[in-house]
Amino acid sequence: MELTSHIAGRNAKVRLYSDRVEWTREGRMSGGAKAALGVATAGLSLAATGVTRKRESEMIPLRSVAHVGTKKDGLRNTMVVLTTAGGDVELRCAHAEAKRFAEAVQRAMLG
């Protein structure tokens with residue numbers, strides 16, 4: 001299962017596998033902003049950083065998830081909370097997606 005979520009203030013693609021939950025987030029600066037900055041600095045910033053966007057990816061093994069819960073987050077969104085020993089991970093998404101994702105995580109945790 002895959003959904004688009006909002007994690008730590010940035011959009012993320014979240015994927016649920018049979019043994020883990022993975023998400024990837026794009027870098028902080030868009031490609032257009034990097035190109036504009038490259039023009040403004042006569043190409044020096046592009047030479048140092050390049051034009052490609054960096055991606056951050058993280059993963060939680062399902063065996064380390066102790067609890068899955070949901071809580072309402074505004075009028076259009078619900079927060080899916082994955083509780084682990086290292087802390088909570090909050091995935092903000094639409095109501096219907098949140099319910100399906102929480103149920104799918106619970107099913108995967110039970111085997």
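Sequence positions, counted from 1, serve as the residue numbers for this chain.
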> Are D73 and T78 close enough, and set up right, to give a side-chain hydrogen bond (donor to acceptor under 3.5 Å, both in side chains), and what steps lead you there?
Replying inline: CA-CA 5 Å; D73 185 43; T78 296; over 6 Å; no
Nearest-0.5 Å distance that lies between atom [atom1] in [X] and atom [atom2] in [Y]:
{"X": "C93", "Y": "R100", "atom1": "SG", "atom2": "CZ", "answer": "9.0 Å"}
{"X": "L16", "Y": "R107", "atom1": "CG", "atom2": "CZ", "answer": "9.0 Å"}
{"X": "R63", "Y": "T84", "atom1": "CZ", "atom2": "OG1", "answer": "12.5 Å"}
{"X": "M59", "Y": "W23", "atom1": "CE", "atom2": "CH2", "answer": "9.0 Å"}

>> Test of understanding: with side-chain hydrogen bond (donor to acceptor under 3.5 Å, both in side chains), list the residues that count as partners of E2, not counting sequence neighbours.
In response: R15
> Do N77 and H95 have a side chain donor and acceptor closer than 3.5 Å?
Replying inline: no
Contact between [X] and [Y] at the side-chain level, heavy atoms closer than 4.5 Å - yes or no?
{"X": "V21", "Y": "L62", "answer": "yes"}
{"X": "T70", "Y": "K99", "answer": "no"}
{"X": "L91", "Y": "L82", "answer": "yes"}
{"X": "T4", "Y": "V14", "answer": "no"}
{"X": "R25", "Y": "E58", "answer": "yes"}
{"X": "K13", "Y": "E22", "answer": "no"}

>> Any salt bridge linking K71 with E90? Criterion: basic side-chain nitrogen under 4.0 Å from a carboxylate oxygen.
In response: yes
> Are V81 and M109 co-members of a hydrophobic cluster defined by side-chain heavy atoms under 4.5 Å apart?
Replying inline: no
> Taking a hydrophobic cluster as the set of Ile, Leu, Val, Met, Phe, Trp and Tyr residues connected by side-chain heavy atoms closer than 4.5 Å, whether directly or through intermediates, do I7 and M79 fall within one such cluster?
Replying inline: no
>> side-chain contact (heavy atoms from CB on, under 4.5 Å), that's the test. Do I60 and V89 meet it? Break it down for me.
In response: CA-CA 9 Å; I60 297 176; V89 177; 3.4 Å; yes
>> What verdict does the side-chain contact (heavy atoms from CB on, under 4.5 Å) test give for H6 and N11, after you've listed the backbone C-alpha separation in whole Å, the side-chain angles of each residue and the deciding distance to 0.1 Å?
In response: CA-CA 4 Å; H6 203 75; N11 289 334; 3.0 Å; yes
>> For a side-chain contact (heavy atoms from CB on, under 4.5 Å) check, start with the C-alpha distance between R10 and E56, then their side-chain angles and the critical distance, and finish with the verdict.
In response: CA-CA 11 Å; R10 293 175 30 212; E56 300 172 3; 3.6 Å; yes
> At their closest point, which heavy atom of V65 faces which heavy atom of V68, and how far apart are they?
Replying inline: CG1-CG2, 3.9 Å
